[in-house]
Structure formats: C-alpha cells, structure tokens
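Working notes, structure below.
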Amino acid sequence: MSLTVQKINWEQVKEWDRKYLMRTFSTQNEYQPVPIESTEGDYLIMPDGTRLLDFFNQLYCVNLGQKNQKVNAAIKEALDRYGFVWDTYATDYKAKAAKIIIEDILGDEDWPGKVRFVSTGSEAVETALNIARLYTNRPLVVTREHDYHGWTGGAATVTRLRSYRSGLVGENSESFSAQIPGSSYNSAVLMAPSPNMFQGSNGNCLKDENGELLSVKYTRRMIENYGPEQVAAVITEVSQGAGSAMPPYEYIPQIRKMTKELGVLWINDEVLTGFGRTGKWFGYQHYGVQPDIITMGKGLSSSSLPAGAVLVSKEIAAFMDKHRWESVSTYAGHPVAMAAVCANLEVMMEENFVEQAKNSGEYIRSKLELLQEKHKSIGNFDGYGLLWIVDIVNAKTKTPYVKLDRNFTHGMNPNQIPTQIIMKKALEKGVLIGGVMPNTMRIGASLNVSRGDIDKAMDALDYALDYLESGEWQQS
C-alpha cells in the first residue's frame with residue numbers, strides 16, 4: 001500500500017461523500033458509502049483490506065480486468081506527451097485506434113467504413129441516431145421493449161426499461177420523469193415488442209407459417225404502417241444488457257433481413273457486448289450478419305478511461321465524407337483516452353482475450369448446469385463468453401417472484417426482490433453477484449477471469465440460492 005493511500009482519512013471521505021455528492025439508485029437516507037481503496041484483476045479492495053470478487057465486472061465493462069499494466073503504462077506515456085487537443089487535429093493514437101478496429105479486428109469483413117470517437121456509450125448512441133437520421137433524411141427510429149441504450153436525451157428515448165429512463169422514485173414511491181410526453185424527440189421513436197414477448201406454452205418464441213418470429217413480424221408490420229420512407233433505423237442490442245434477456249437465435253438474422261428488405265438501417269448497440277464480452281469481438285458475429293452502424297464503449301478501453309465510438313458502413317462513410325458535419329464534442333478522441341484504447345485492443349489481440357472469454361463461457365455454462373440440477377429456483381439460463389443471464393423463479397410455483405418483472409420500478413422494497421436478496425447473501429462469501437432486473441441474474445467478469453474465481457462466484461451463488469429457497473427472507 002502506498003504512503004498516499006495510508007494517509008487517506010476514510011471517515012472524512014465518507015463524510016464528504018454523504019454531504020456533497022448527489023445520489024443515484026438510493027435516497028440520501030438510504031445511502032451508505034462503500035469505500036473502495038484500490039482495484040486489482042477481478043477484485044475491489046476496501047480500506048480494511050477486504051477483497052470483493054466482482055462478478056458484476058462493475059458495469060460489465062472492465063474486459064481486461066482492473067489496472068492492466070500495459071494499458072496503465074500507455075496512459076502514463078501519453079500523459080507525458082499530451083495535455084489536450086480536440087477532435088479537429090490528428091494524433092497518432094486516434095488514427096491508430098481507428099485502424100486497429102477496422103483493419104486488425106474487422107479486416108476480414110467488407111462492410112466497415114469509418115469511426116467517430118466519443119466519450120461514453122450513451123454519447124455513441126446519440127451519435128448513431130444523429131447519423132442515421134442525417135443519412136436517410138428520415139425522422140423515425142424503432143427501438144425495442146426492454147432495451148437499454150443510455151441515459152442522455154436521445155439515448156433515453158430509445159431506452160425502454162421503465163426503471164431506467166432518467167426518472168426519480170422517492171422514498172414514498174412517488175415518481176418523476178425527465179421524459180416529456182408528446183415531445184418531438186419522443187414521438188420520433190417507435191417501440192417494437194421484445195422477441196421474448198410471444199411465447200408458447202413450452203417457452204419457445206412463436207413463429208408464423210413461414211418461420212418468421214411473431215415479434216419480427218409485428219415489427220415489420222409496424223414499420224410498414226408508418227411507412228418505411230419515414231423510418232431511419234431499427235436499433236437493437238444483440239443481447240439485452242440491463243434488460244437481461246437473450247433473444248432466440250433466429251431473431252437477429254431476421255431483424256437484419258427485415259431491415260434490408262424495407263430499406264431501413266440497422267444500428268447494432270454493442271456498447272456492452274463489444275470487444276470480446278460474448279466470446280467473439282462483437283456480438284453480431286455469432287449470427288452471420290453485418291450491421292450498418294455499431295455503437296461501442298465499455299470494452300473499447302476496458303473502462304480504464306472514458307471512451308466510446310461509432311463505426312459506420314462504407315456507404316454511410318462515403319456520404320458523410322461529402323458533407324460538413326456540424327457536430328462537436330469537447331473530449332471526442334482525447335489523445336490520452338485514445339492511447340488507452342490502442343493499448344487495450346493490442347493486449348486483447350496479443351493475449352487472445354476473446355478466445356479466453358469463449359473458453360470461460362463454456363466453463364460457466366457447465367457450472368450453471370450443475371446449479372440448475374440442484375436449485376429449482378433456476379428457471380432458464382443463457383449466455384456466452386462473460387455475459388450470462390439466469391432467470392429466478394419461485395421453486396414451488398415456477399413463476400417469477402416479481403410479477404411486473406422487467407416493468408418494475410425502484411419504488412419496490414429491495415428486501416422483496418430476489419436478485420437483491422441473492423446479492424446481499426453472496427456478499428457474505430465476499431462475492432458481488434446479482435442483477436438489475438428483479439427476477440434475472442446477470443453474471444460477468446473480466447475476459448481472463450480465473451477458473452478459481454469462477455468457482456468462488458458459483459459457490460457464492462449456490463449459497464445464496466439455498467437461502468432464497470429456504471424462505472427465511474420472507475419471514476424477516
């Protein structure tokens with residue numbers, strides 16, 4: 001421990017934290033500071049030395065693991081060269097980062113055109129929506145039930161999780177929304193059904209006589225009703241992140257086929273799934289399709305510094321090249337952040353992190369299969385790489401504990417939410433694991449997580465499920 005860290009007065013830190021900072025996800029009365037002194041690999045380290053195994057991977061965004069030495073060294077080197085230059089100037093780091101993505105990572109694919117760097121995933125979504133509307137000169141965008149695409153103005157309009165749309169829930173469950181009903185921005189967004197909405201009695205997603213998923217069929221008819229000439233793009237996540245749902249395999253290929261037939265762009269939001277998270281560089285690569293626009297963030301720099309990006313097709317890039325784009329973001333392409341991106345992607349390639357993620361995913365699947373045999377509270381589970389979802393059901397009735405499911409709000413009592421109960425119990429074993437939805441666990445770690453740490457996390461989940469199924473929490 002460094003001398004600087006030893007001198008920190010953590011009681012003073014907690015006092016300042018409580019007194020001067022605005023809260024998220026809790027009221028001031030509910031808030032309890034959880035100080036983190038340092039990070040290492042897949043662990044958060046508290047001032048007293050307690051090590052917490054982080055199977056939230058923070059926001060599923062530290063793909064390389066905490067504090068990678070090569071990335072840190074690249075950041076320090078860049079700091080010795082640069083303070084700040086804005087996006088109108090060329091830097092070696094920014095040019096190299098774009099080249100790595102298009103040529104080294106996606107060199108076998110013929111669609112990628114050019115990259116625009118920004119600072120966050122939400123900003124990447126804002127940029128993608130802007131580009132789609134400019135390129136097509138059309139106003140409407142189709143999003144999807146239970147998608148999460150960010151919290152800023154435009155990104156929030158295509159976010160369709162009731163509890164994650166930049167709103168407020170008070171101590172007495174009163175709620176306030178930052179969204180303005182009927183505003184031009186909100187009215188320019190259409191919502192398609194979740195692919196998991198139309199399910200038969202066997203749990204499989206329903207199809208028509210031609211094999212088209214009913215969710216895709218409904219989306220197609222909605223676009224036809226508004227007029228494809230009015231619709232700029234369909235935006236989807238390949239795997240719903242905050243919404244914590246995996247679509248049936250056919251969904252992504254059918255959405256891509258539909259958008260092509262209707263002449264509508266497909267924006268593929270890979271902020272969470274990009275850069276190895278799923279066991280491939282990007283989630284869309286599991287499905288044999290190619291998008292028109294990709295949004296990136298999180299794993300782009302493994303969150304060592306804020307960085308996001310938008311990658312567009314050759315056709316869109318050629319169109320944008322012919323125009324002066326009246327768009328500026330102060331920190332876009334910041335040279336120090338771009339140094340982090342370059343180093344992060346180089347380490348991933350040199351140390352084969354994507355293959356490591358694939359192998360770890362197969363191991364996690366085997367562990368979840370064993371847990372499902374033991375625990376009747378595990379309904380379905382699905383995933384790949386270091387992104388897994390586990391549906392929790394009442395072991396006796398086989399129904400979700402929280403009926404509103406993905407339409408719940410944070411006004412609920414957290415002591416009655418199964419994923420919160422599991423999270424608190426697993427913490428007794430020194431493991432951070434849980435979910436943002438009430439009935440669905442979301443599991444992830446760094447792409448090179450050790451087998452030992454996977455075992456530790458699964459043992460903690462086993463322990464927490466024992467407690468959930470005991471019903472003791474319902475009596476407290």
Side-chain angles (χ1 to χ4, degrees), residues 61-65 68-79 81-82 85 87 89-121 123-124 127-128 131 268-285 290-314 316-317 320-321 329 331-358 385-386 446-448:
C61 60
V62 192
N63 293 25
L64 282 194
N68 182 276
Q69 290 184 357
K70 291 182 180 179
V71 175
N72 281 7
I75 292 170
K76 292 170 185 176
E77 179 183 284
L79 284 169
R81 292 182 54 203
Y82 286 107
V85 292
D87 203 25
Y89 297 105
T91 68
D92 52 324
Y93 293 124
K94 183 170 61 175
K96 183 178 181 182
K99 178 263 184 186
I100 290 174
I101 293 169
I102 294 174
E103 192 171 306
D104 299 340
I105 292 176
L106 294 174
D108 292 336
E109 300 183 21
D110 61 2
W111 73 273
K114 290 188 175 182
V115 175
R116 169 77 190 276
F117 289 107
V118 290
S119 299
T120 69
E123 192 181 355
T127 306
I131 291 171
N268 178 31
D269 186 346
E270 296 263 6
V271 169
L272 190 146
T273 51
F275 300 102
R277 174 63 54 186
T278 69
K280 289 186 180 290
W281 277 107
F282 293 98
Y284 75 85
Q285 293 171 327
Q290 295 178 344
D292 298 298
I293 302 174
I294 289 181
T295 60
M296 308 174 187
K298 296 182 184 285
L300 177 63
S301 66
S302 289
S303 300
S304 54
L305 284 176
V310 176
L311 173 63
V312 302
S313 68
K314 285 185 170 68
I316 296 174
M320 298 299 288
D321 281 347
S329 174
Y331 303 112
H334 192 294
V336 183
M338 293 298 97
V341 169
C342 290
N344 174 65
L345 299 181
E346 287 173 337
V347 171
M348 281 192 181
M349 291 185 291
E350 291 166 3
E351 301 183 21
N352 212 2
F353 266 66
V354 178
E355 185 67 20
Q356 289 187 58
K358 177 186 174 185
L386 270 302
S446 68
L447 306 190
N448 65 335

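Nothing fancy with the numbering, it's 1 onward along the sequence. Please read all numbers here as calculations on a predicted model, not as lab measurements.
- To the nearest 0.5 Å, atom CD1 of residue Ile105 and atom CG of residue Leu345 are 4.5 Å apart.
- By the 6.0 Å contact criterion, OH on Tyr82 is enclosed, its count of non-hydrogen atoms from other residues, nucleotides or ligands being greater than 12.
- The side-chain heavy atoms of Thr278 and Gln285, taken from C-beta on, include no pair separated by under 4.5 Å.
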Exercise for the section: Would you check, one step at a time, whether the test salt bridge (charged side-chain N to carboxylate O under 4.0 Å, His left out) holds for Glu350 with Lys70? Expected result: CA-CA 11 Å; Glu350 291 166 3; Lys70 291 182 180 179; 3.5 Å; yes

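- A donor-acceptor pair under 3.5 Å is absent between the side-chain atoms of Gln290 and the main chain of Ser313, judged by distance alone.
- Side-chain atoms of Ser303 come within 3.5 Å of backbone N or O of Cys61 as a donor-acceptor pair.
- Note that the CZ atom of Phe275 and the CE atom of Met348 stand 7.5 Å from one another [nearest 0.5 Å].
- Counting all heavy atoms, side chain and backbone alike, Ala309 lies closest to Val115 at CB-CG1, 4.0 Å.
- In this structure, CD1 on Ile101 lies 9.5 Å from CH2 on Trp281, to the nearest 0.5 angstrom.
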Exercise for the section: Give the C-alpha distance, both sets of side-chain angles, the deciding distance and a yes or no for side-chain hydrogen bond (donor to acceptor under 3.5 Å, both in side chains) between Asp269 and Thr295. Expected result: CA-CA 5 Å; Asp269 186 346; Thr295 60; 2.8 Å; yes

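- The minimum heavy-atom distance linking Lys314 with Asp110 is given by the pair NZ-O, 2.7 Å.
- Residues Asn448 and Phe353 share a closest heavy-atom pair of CG-CE2, 3.5 Å.
- Rounding to the nearest 0.5 Å places OG1 of Thr273 at 13.5 Å from NZ of Lys280.
- Formation of a donor-acceptor pair under 3.5 Å by the Glu346 side chain with backbone atoms of Ile100 is not found in this model.
- Not one N or O on the side chain of Asn63 forms a donor-acceptor pair closer than 3.5 Å with the backbone of Gly276.
- Within the 4.5 Å cutoff, the side chain of Val312 has no heavy atoms near those of the Met320 side chain.
- Contact of the Ile294 side chain with the Trp111 side chain is registered, since non-hydrogen atoms from C-beta on lie closer than 4.5 Å.
- Taking CG of Asn344 as the reference point, atom CG of Asn68 lies at 7.5 Å (rounded to 0.5 Å).
- Contact of the Leu447 side chain with the Leu64 side chain is not registered, since no non-hydrogen atoms from C-beta on lie closer than 4.5 Å.
- Contact between Ser329 and Arg116 at its shortest, heavy atoms only, is N-NH2, 3.9 Å.
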Problem - side-chain contact (heavy atoms from CB on, under 4.5 Å) assessment of Ile75 paired with Ser304 - result: CA-CA 9 Å; Ile75 292 170; Ser304 54; 4.2 Å; yes

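- Closest non-hydrogen pair, Val271 versus Lys298, comes out as O-CB, 3.3 Å.
- Residues Leu106 and Phe282 have side chains in contact (heavy-atom distance under 4.5 Å, counting atoms from C-beta outward).
- Once rounded to the nearest 0.5 Å, the distance linking CZ of Arg81 with OH of Tyr93 reads 4.5 Å.
- Taking both residues in full, the closest heavy atoms of Val310 and Ala128 are given as CG2-N, 4.1 Å, listed atom of the first, atom of the second, then distance.
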